[in-house]
Amino acid sequence: MLVEFTPVSAALGGIIIGLAATLLLATEGRIAGISGIVAGLFKGGSDKLGPLPWQAFFVAGMVGGGILLRFVAPDLVTTGVELSAAWLIPAGLIVGIGTRVGNGCTSGHGVCGLSRFSARSLVATLSFMTAAMITVFITRTLAVGAFG
């Protein structure tokens, strides 16, 4: 499990995310927001690339990349989750509701929106980061119940 931050791994990850977002924008004219991509996958419609929508290829690439990395560099892949399903399910639902209300997620607003100087994305990203800092403070510093 990767337990330490390294500037090289962070820069490499940022470069790969930036290349993927740029490639999607250049080839499909789309913003790489994962929540929107997954939502579009289930909507169906006329947005097809061959027999499958382009969203299916994007999601398959994300999942396939993770599986490939598990075999190529297993030390870089985190597979354990310390929380129970009783915490993870409500947390996932809250994140899902937040991305729908905010009209996007961290990748869409934080990576693509900020690079396009979107004021809406700036507000959304500041909201995400503030909520994340408050959550970390509550769960780590105050050592609340199951998180302690």
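Here the structure is a predicted model, which means the values were calculated and not measured.
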Query - Residue pair V63 / I67, side-chain heavy-atom distance below 4.5 Å - result: yes
Query - Hphob cluster co-occupancy, M62 + F71, side-chain heavy atoms under 4.5 angstrom - result: yes
Report summary line: d(L23 CG, F58 CZ) to nearest 0.5 Å is 9.0 Å
Requested in this report: Please indicate whether M129 has more than 12 foreign heavy atoms, meaning atoms of other residues, nucleotides or ligands, lying under 6.0 Å from its CE.
Outcome: no
Query - Nearest heavy-atom neighbours spanning T99 and C105 - result: CG2-CB, 3.6 Å
Report task. Look up atom CZ in R30 and atom CH2 in W54, then write down how far apart they are to the nearest 0.5 Å. Result -> 6.0 Å
Query raised in the report: Applying the 4.5 Å side-chain criterion to the ILVMFWY set and letting contacts propagate, would V123 and L114 be lumped into a single cluster?
Result: no
Requested in this report: Is it possible for you to say whether V111 and L24 belong to one hydrophobic cluster, with membership spreading through side-chain heavy-atom contacts below 4.5 Å?
Outcome: no
Report summary line: Separation between OG (S115) and CD1 (I31), nearest 0.5 Å, reads 7.0 Å
Query - OG1-CD1 distance between T22 and I17, expressed to the nearest 0.5 angstrom - result: 11.5 Å
Query raised in the report: Of all heavy-atom pairs between A85 and P90, which one has the smallest distance, and what is that distance?
Result: O-CD, 4.0 Å
Query - Approximate separation, where rounding is to 0.5 Å, of L122 CG and R120 CZ - result: 12.5 Å
Requested in this report: Using side-chain hydrogen bond (donor to acceptor under 3.5 Å, both in side chains) as the criterion, point out the one residue from S121, S35, S127, S118 that pairs with H109.
Outcome: S121
Query raised in the report: With ILVMFWY side chains joined below 4.5 Å, transitively, what does I94's cluster contain besides itself?
Result: none
